[in-house]
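First up is the structure itself, then whatever we jot down about it.
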Amino acid sequence: MCADFNIFFCCYNLVSNTKNKALHNLVKSSKTDSAKVLRPNIISGFTGHDIPSRDIVPGDLLVIPRSGCLMPCDAVLITGNCIVNESMLTGESTPVTKTAPHTSSEIYDTGIHKRYTLFCGTSILQARYYEGEFVLARVIKTGFTTMKGELVKSMLFPAPIKIQFYKDSAKFLLFLSIIAAGGMAYCTYLYHKRGADLEYIIIRTLDIVTIVVPPALPAAMTISIAYSQSRLKHLNIFCTSPPRINLAGKIKLACFDKTGTLTEDGVQLNSIIPSVDGKFSNPETHAFKIDSTSSLVKAMATCHSLTRIMGQLKGDSLDITMFESTKWEIEEPGEKESTRYDMLAPVIVKPNQNNASNFEIGEDNIPYCIGIIREFPFSSVQQCMTVICRELNDPCMIAFTKGAPERIKSFCREESLPQDFHLCLSTYTSQGFRVIAFSCKKLSSKFKWKEAQKTKREVLECDMTFLGFMIMQNSLKPETIPVIRTLHDASIPTVMITGDNIMTAICVARECNMIKADEPIVLVNMELDNDLGIPKMIFEVVDDDPDINFYDKKYHLAMDGKTWDKLREYYADYLPHILVKSTIFARFQPDQKTQLINYFQKIGYIVSMVGDGANDCGALKAAHVGVSLSQAEASVAAPFTSSIPNISCIVHLILEGRCSLVTSFALFKYMALYSLIQFCSVLILYTFHSMLGNIQLLFIDLIITTSLAVTIGHQGPANKLQSERPMGSLVCARNLIPLITQVLLCIAVQFCSYYYLSTQSWFVPLPPGKEEVILCWENTVIFMVSSYQYIIMAFVYAKGKPFRKTLITNFWFLLSAISLTSFLTWLYLKAPEGLAKFFEVMYLPHNHPREQRLFRDTLLLLPLLHLLLALFIEAQIADRKWFKKFLQFLFMKRKPKNKYKILLKENVVARWLASPEFNVTLSVD
Ligand SMILES: Nc1ncnc2c1ncn2[C@@H]1O[C@H](COP(=O)(O)OP(=O)(O)OP(=O)(O)O)[C@@H](O)[C@H]1O
């Protein structure tokens, strides 16, 4: 019993140590010893105090150092602005600008007003305000209530996740308790019959409970997770919710974000297509080749959120590429970077010297420049960004907007849009290009500084003039194609969920082989049916023959965010049938990404999601296994963060997950068998008036089972993903039948060994008595045989393939198993008298009768035979497909259990596609 607890605490410590370390790193990563706050003072208004950061309280006015700092609390900016790295929050390390809110009647809400809020744990790269003035922030939350506190809480108390294994283990424990109850009843009967007193009966029967229900069982389930977590850490994959590692072993659908995940973070400029008076001009490869006085170039020079930090241009890679292509220059006011803050002298952009001559010179010989008065930063929900600018010598301000073409189109006046807008867009998107559109709006001369600060973006984003397209190339990461192939080979379907255009998404999906060249793609669209008053679902086959037989061919559905919303609203019953056949989800907003992941889970998929940006946060959290590609060691965004900057991390995770799951099962079965073996030995010995000695019990519990259980978990994952999946359920016939067979075999071997002993002519059974005898032949035989059985069972369950490395690679296990076997054999055959006495086993000197020595030697054949039979049961029955099929036949399992498997089998969409009602058409190329 004490040894069992020992194992439990060893394993528990191992797991909690890994967790504690991660927590410790996280807390330390943003620990700031002190902070400066302004507190009211009756005499001089406010005075500054340097206080330990733990003494900061909500309501304090925090002074943000100009050179940046780690935020010790959540606070709202009051003055100035800050450039912040929020990778801990979103996984995305592109710096974001936080500004102080403008006076308005709106009530502050952290969820809505994130752009005014500095979050605890995020890194302030720079704080800017007028020279000599403080950058101030009002503290709103401290400690556990902050955003970082939430992350620490989620690590300390991870949200419970439904894992079949844990439910099954509870059932299994119940089953073991029933066995224990049987054993207790037998024990009570036995000792009562022998006339033992009540206290003795109680002690003996309680012994049985501690043997059958091992307290180390929960530890067995976590030890493999601890090993996997530390291996993942070496691969730079960090985990804040370790139980999810086992879930990774059961992933049935792998979802990916596109930009920055499947494709590179950076983009290259392909061409620019200006639009003048509602007509597209010829594409240009460089922005500086276009007339630099054109509005499109001005939009490209101003419509961004770039800033200079340490002399380097920082911001979204798309913005950097765009701005650099104009060859304009950015100038931020103030000599020092940290004083680049002046409402009256905003950030300005100006053409470089070569182009400057094209522009008018202002009064006082000031060279031409554009001041960026206000910026509405890019958001994935809006799919665009807007700036309000003022040109030198122009009394009117101008708004420039850039973003997703569909979105920009909706802002523009009809006459400014070229007729071939869609044709031009689809020409580029269907080649996989990322297309960004631009528009502008001249504001009235009455629109002054004050209005610019107060206006809402909706006022600006209407009645605009379309300016043209910018075509960007975003190539695949080299690892994407091999990883997608590996996942498909392992029968794990892949799905793309992106904010980008649907045609671009389709092209990228084809390029990375998510959709093979010969597999047709069908667009799901919605068209308003005036008769019905609800949208009608229509299908469009992309680039293929619409007369395909969809029953025979693998096909993929693709839809955009708008269709998704309508499907949810009007065709909720059809949605599961469509989902199982869908591979591309484009123009999805962040909340739609989350909804989609939840839907996949509803139809029975274990879903993984890999993403890199702020627009994936919800989906990453919702997925069973969300992996954020981020430099941060832990982010609030996802339970896993990977510093491997590509999707190969998901393969490592699945391999580790499978290894951990299989090891957890193996350890669980091993611990259960160990209890049952000991249970059987004890009952046999009680029956024949003997029992196991304390040293023997300690040796079994502490040395044999602990060393073997701990080293079994050490085995690493297989090198290659297999299409075969590990079992997810412990309490199923496929698991239980081999396990029960192993138990019966162990019992049979113990009985055989006793029977063999009883047939010996020299053997005299123990006479009935009130107290049990330890030093006797009965005890020696059962102790030795059962000790071998613990090693045999560990050997059987330590097998490697197909989800773990081969047993040969597990050095520590082999060392333990070989050393224990050698020691046991030596103890049994050749141990000196003192040691035999210590272990309370029979000592046979050389001059002992030959029959006794022959019996002792030949008894060893039994464990050998047991090993062969146990290996046979595991290799030829438990692991075999025929056994699975036989059980399916036996239990008449006709239908798959998972909903998505039933839906896939039904293939209802193929029927719809064949029906004229759904109006299947061929899309334009
Ligand atoms: N910096 C930006 N400024 C303006 N518009 C942008 C900017 N970045 C992206 N967009 C537009 O907004 C759309 C949505 O962007 P979002 O970041 O949500 O998704 P994405 O980057 O296209 O794809 P993914 O979801 O795969 O990362 C983009 O497709 C693009 O058209």
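Ligands are counted one by one from 1 in listed order, and the atoms in each one are counted from 1 as well. Nothing here was measured: the structure is a model prediction, and the numbers come from that model. The chain is numbered in sequence order, starting from 1.
When F378, F585, F438, F588 are checked for heavy-atom proximity to atom 11 (C) of ligand 1, F378 turns out nearest. The heavy atom nearest to atom 4 (C) of ligand 1, out of those in R407, H304, K402, is found in K402. Considering each of G499, C303, A586, A619, the one bringing a non-hydrogen atom nearest atom 14 (C) of ligand 1 is G499.
Not a single heavy atom of M496 sits under 4.0 Å from any atom of ligand 1. In this structure, Q589 has no heavy atom closer than 4.0 Å to ligand 1.
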- Message: Assess the residue pair T263 and N474 against the criterion (side chain to side chain donor-acceptor pair (under 3.5 Å)); give the C-alpha distance rounded to whole Å, side-chain angles, the decisive distance to 0.1 Å, and a yes or no.
- Response: CA-CA 6 Å; T263 63; N474 186 209; 2.6 Å; yes

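Under the 3.5 Å distance criterion, with hydrogens and angles disregarded, a donor-acceptor pair is assigned to the side chains of T386 and E461. Between the side chains of S305 and E375, at least one donor-acceptor pair of N or O atoms lies under 3.5 Å. D565 and Q592 are linked by a side-chain donor-acceptor pair at a separation below 3.5 angstrom, with hydrogens and angles left out of the test. Looking only at atom types and distance, the side chain of Q473 has no donor-acceptor partner in the side chain of R434 under 3.5 Å away.
Residue contacts with ligand 1 for D316 involve side-chain atoms from C-beta outward but no N, CA, C or O (heavy atoms, distance under 4.0 Å). Under 4.0 angstrom from ligand 1, there are no non-hydrogen atoms of T261.
Geometrically, K593 does not engage F585 in a cation-pi contact defined by less than 6.0 Å to the ring centre and at most 45° from the axis.
The protein heavy atom nearest to atom 31 (O) of ligand 1 is A404 CA, 3.3 Å. When hydrogens are left out, the protein atom nearest atom 22 (O) of ligand 1 is R434 NH1, 2.7 Å; that is the closest non-hydrogen contact. Of the protein's heavy atoms, G403 CA, 3.3 Å lies nearest to atom 5 (N) of ligand 1. Scanning all protein heavy atoms for the shortest distance to atom 30 (C) of ligand 1 gives I436 CD1, 3.6 Å. Of the protein's heavy atoms, D257 OD1, 2.7 Å lies nearest to atom 24 (P) of ligand 1. Shortest contact from atom 16 (P) of ligand 1 to any protein heavy atom: N615 ND2, 3.4 Å.
For ligand 1, the atoms closer than 4.0 angstrom to any heavy atom of K258 are 26 (O). With ligand atoms numbered from 1 in the order given, ligand 1 contributes 13 (C), 28 (C), 29 (O), 31 (O) to contacts under 4.0 Å with heavy atoms of R587. For ligand 1, the atoms closer than 4.0 angstrom to any heavy atom of S380 are 16 (P), 17 (O), 18 (O). Of all atoms in ligand 1, listed by their number and element, those nearer than 4.0 Å to a heavy atom of D500 are 22 (O), 23 (O), 29 (O). Residue T498 approaches ligand 1 through these ligand atoms, each under 4.0 Å from one of its heavy atoms: 23 (O), 24 (P), 25 (O), 26 (O).
Ring geometry for H113 versus Y116: interplanar angle under 30°, hence parallel rather than tilted (30 to 60°).
With M559 as the partner, the side chain to side chain contact (heavy atoms under 4.5 Å, CB included) test is satisfied by one option alone out of I584, L567, L596: L567.
At least one donor-acceptor pair closer than 3.5 Å links the side chain of R510 to the backbone N or O of K516.
Every N/O-N/O distance between D616 and ligand 1 stays at or above 3.5 Å.
Scanning both residues, C255 and I497, for their nearest heavy atoms gives CB-CD1, 3.9 Å.
Aromatic rings from F421 and F466 are positioned such that their centres are separated by under 6.0 Å. F600 has its ring centre no less than 6.0 Å from the ring centre of Y900.
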